[in-house]
Number of protein chains: 2
Amino acid sequence: MSVQHTGPDSLLTPSEVASLFRVDPKTVTRWAKAGKLSAVRTLGGHRRYLESEVRDLLAGVPRQRPED
Amino acid sequence: MSVQHTGPDSLLTPSEVASLFRVDPKTVTRWAKAGKLSAVRTLGGHRRYLESEVRDLLAGVPRQRPED
DNA sequence: ACCCAATCGGGTAATTTGGGCG
DNA sequence: CTTGTCCAAATTACCCGATTGG
């Protein structure tokens with residue numbers, strides 16, 4: 001039996017994230033490129049986003065920023 | 001004499017790998033055919049993947065590529 | 001031997017990527 | 001500076017019937 005890890009990092013596709021934010025998928029890509037959103041890459045280069053992080057962002061939770 | 005392996009060689013099914021990457025199981029098959037992912041074959045021809053390798057790939061660890 | 005979900009194959013739509021432009 | 005759109009190329013998703021796994 002395998003135990004579920006503490007961090008269930010379910011992934012979202014670009015279009016799914018885009019729909020949640022009511023934005024074009026390309027915009028989500030820009031956020032990832034800008035480091036505003038962390039992304040996992042498929043072996044083909046497509047991005048998958050952490051659902052937990054997206055939910056936090058949608059809820060208005062500010063992302064951990066490098067010290068100013 | 002020991003036949004000890006250097007690492008845990010637990011195997012994952014195509015659908016398990018697909019879930020981890022949030023892709024279709026067929027896509028995982030293409031990765032294997034493309035040599036991006038090493039696969040073990042069952043006697044019936046079904047593929048099984050190395051958990052350790054999959055975890056490395058998910059973490060962004062580039063695969064050791066055959067010499068060009 | 002039976003059941004049924006999963007994984008073969010192939011083929012064809014739908015997404016995604018990246019760059020550049022407005 | 002951020003977002004939306006156009007384009008071509010690459011990657012991925014869904015369709016089928018047949019075989020395999022447990």
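Proteins come first, then strands; the chains are lettered A, B, ... in the order of their sequence lines, and each starts at number 1. Computed from heavy atoms alone, side chains included, the values below leave out hydrogens, waters and symmetry copies.
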Q: At less than 3.5 Å, do the side-chain atoms of A:Arg30 and the base atoms of C:dG18 form a donor-acceptor pair?
A: no
Q: Less than 4.5 Å apart, side chain to side chain, heavy atoms only: is that true for B:Arg47 and B:Arg41?
A: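 Sidechains of B:Arg41 and B:Arg47: in contact.
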Q: Measure from NE2 on A:His46 to C1' on D:dA9 and round the result to the nearest Å.
A: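 A:His46 atom NE2 is separated from D:dA9 atom C1' by 10 Å.
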Q: Would you jot down, in residue-number order, the residues of residues 37-44 of chain B having a non-hydrogen atom under 4.0 Å from DNA chain C?
A: B:Arg41
Q: Nearest whole angstrom, please: distance from the P of C:dG9 to the NZ of B:Lys26.
A: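 So the NZ-P distance, B:Lys26 to C:dG9, works out to 9 Å.
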Q: Mind calculating the distance between CG (A:Leu12) and C1' (C:dT16) to the nearest angstrom?
A: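 Going from A:Leu12 (CG) to C:dT16 (C1'), I get 15 Å.
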Q: Answer yes or no: is there a side-chain heavy-atom contact under 4.5 Å between B:Arg30 and B:Thr27?
A: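 Yes, close enough: below the 4.5 Å cut-off.
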Q: Starting from P on C:dT16, measure out to CZ on A:Arg48 and report it in whole angstrom.
A: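 Checked: the CZ to P distance equals 7 Å.
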Q: Name the closest nucleotide to the B:Ser15 side chain, picking from C:dC8, C:dT7, D:dT12.
A: C:dT7
Q: Looking at B:Trp31, does any N or O in its side chain come under 4.0 Å of the phosphate oxygens OP1/OP2 on D:dT12?
A: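 Answer is yes, contact under 4.0 Å.
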Q: Quick one: pull up CD in A:Glu51 and CZ in A:Arg55 and give me the separation to the nearest 0.5 Å.
A: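 Rounded to the nearest 0.5 Å, the CD-CZ separation comes to 5.5 Å.
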Q: Can you tell which of D:dA13, D:dT5, D:dT11 lies closest to the side chain of B:Thr27?
A: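 My answer, after comparing the listed nucleotides, is D:dA13.
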Q: From CG of B:Asp24 over to P of D:dC15, roughly how many Å is that when rounded to an integer?
A: 10 Å
Q: Could you work out the complete set of other residues in the hydrophobic cluster of B:Phe21, with links drawn between I, L, V, M, F, W and Y side chains under 4.5 Å apart?
A: A:Leu11, A:Val40, A:Leu43, A:Leu50, B:Leu12, B:Val17, B:Leu20, B:Val23, B:Val28, B:Trp31, B:Leu37, B:Tyr49, B:Val54, B:Leu57, B:Leu58
Q: Would you call A:Glu16 and B:Arg22 a salt bridge, using N to O less than 4.0 angstrom?
A: yes
Q: Is there a donor on the side chain of A:Lys33 or the base of C:dG18 sitting less than 3.5 Å from an acceptor on the other?
A: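 Result: no qualifying N/O pair found.
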Q: Any idea which heavy atoms bring A:Pro25 and A:Ser15 closest together, and the distance?
A: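 Minimum heavy-atom separation between A:Pro25 and A:Ser15: CG-CA, 4.4 Å.
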Q: Using a cut-off of strictly less than 4.0 Å, decide whether B:Thr29 has a side-chain nitrogen or oxygen near OP1 or OP2 of C:dC8.
A: yes
Q: Could you state the atom-to-atom distance from CZ of B:Phe21 to P of C:dT16 in whole Å?
A: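 The distance from CZ of B:Phe21 to P of C:dT16 comes to 18 Å, rounded to the nearest Å.
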Q: Below 4.5 Å, heavy atoms only, C-beta onward: do B:Pro14 and B:Lys26 meet side chain to side chain?
A: no
Q: For the pair made of CD in A:Glu16 and C1' in C:dA14, what is the distance, rounded to whole Å?
A: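 Rounded to whole Å, this separation is 14 Å.
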Q: What I want to check is whether an N or O donor and acceptor connect the side chain of B:Arg47 with the base of C:dA6 at under 3.5 Å.
A: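 Checked by distance alone, the answer is no.
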Q: Convert the base pairs of DNA chain C into dot-bracket notation, remembering that pairs crossing earlier ones are written with [ ] and that bases paired across to another strand are shown as |; include only Watson-Crick or G-U pairs under 3.5 Å.
A: ..|||||||||||||||||.|.
